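These numbers were taken from a predicted model, which means no experiment stands behind them. No hydrogens, no waters, no symmetry mates; every other heavy atom, side chains included, goes into these values.
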Amino acid sequence: MAATFGGKSAEMMPPAVAERNTGFRVGGISPFGQRRRVRTALAQEALMQPYVIINGGKRGYLVRLAAADAIAVTGAITADLLA
């Protein structure tokens, strides 16, 4: 993940910081409609699937859409993220 965004290391944001930056509660953080846009990456393998399922903004609320649509709406980049 770090290399994807041009960094040296990567780690999850502390929950309080993630909630403050995105406007969502942990467990419901979505790349859609964030208070401050957090950069988003999608595994390139997702493009081979008919759709992806992404958190819609609260716990238990999921959105199913084509990977290309997810990229277009969120501004996500695709990268080799799977080990």
Side-chain angles (χ1 to χ4, degrees):
M1 185 63 73
T4 298
F5 291 113
K8 294 181 182 179
S9 65
E11 61 185 45
M12 297 291 283
M13 283 185 202
V17 174
E19 289 177 353
R20 186 172 51 252
N21 286 346
T22 65
F24 296 110
R25 305 278 303 153
V26 169
I29 294 177
S30 174
F32 309 116
Q34 296 177 351
R35 184 175 292 145
R36 290 186 206 135
R37 184 169 225 145
V38 175
R39 292 167 40 187
T40 304
L42 188 66
Q44 63 192 17
E45 292 82 0
L47 295 172
M48 296 182 278
Q49 304 303 317
Y51 57 85
V52 295
I53 299 174
I54 300 174
N55 193 294
K58 65 180 181 178
R59 292 178 185 165
Y61 185 73
L62 302 174
V63 178
R64 183 177 92 166
L65 67 165
D69 292 338
I71 292 166
V73 172
T74 64
I77 61 171
T78 58
D80 183 14
L81 301 176
L82 303 181

- Note on the structure: Hits for salt bridge (Lys or Arg N to Asp or Glu O under 4.0 Å) against E19, two or more places apart or cross-chain, chain-then-number order -> R25
- Query: Under 4.5 Å between any side-chain heavy atoms of L65 and I54, yes or no?
  - Reply: yes
- State, to 0.1 Å, how close F24 and F32 come at their nearest heavy-atom pair, and which atoms those are. CZ-O, 3.1 Å
- Decide whether V17 and V38 are clustered together by the hydrophobic rule: side chain heavy atoms of Ile, Leu, Val, Met, Phe, Trp, Tyr closer than 4.5 Å, transitively. yes
- Side chain to side chain, N21 and M13, heavy atoms closer than 4.5 Å: yes
- Task: Provide the closest heavy-atom pair for A41 versus F5 in the form atom of the first, atom of the second, distance.
- Result: CB-CZ, 3.8 Å
- Query: Does one hydrophobic cluster hold both Y51 and L62, with members joined at side-chain heavy-atom distances below 4.5 Å?
  - Reply: yes
- Query: Can T22 and R37 be said to form a side-chain contact (heavy atoms from CB on, under 4.5 Å), step by step?
  - Reply: CA-CA 7 Å; T22 65; R37 184 169 225 145; over 6 Å; no
- Task: Check whether any side-chain N or O of S30 sits under 3.5 Å from a backbone N or O of N55 as a donor-acceptor pair, and report yes or no.
- Result: yes
- Item | Atom pair CE (M1) and CZ (R39), whose distance is rounded to the nearest 0.5 Å | 10.5 Å
Atom pairs and distances, side-chain donor-acceptor, residues 66-83, under 3.5 Å, sequence neighbours left out:
unit_1, atom_1, unit_2, atom_2, d
T74, OG1, A70, O, 2.7
T74, OG1, A76, N, 3.2

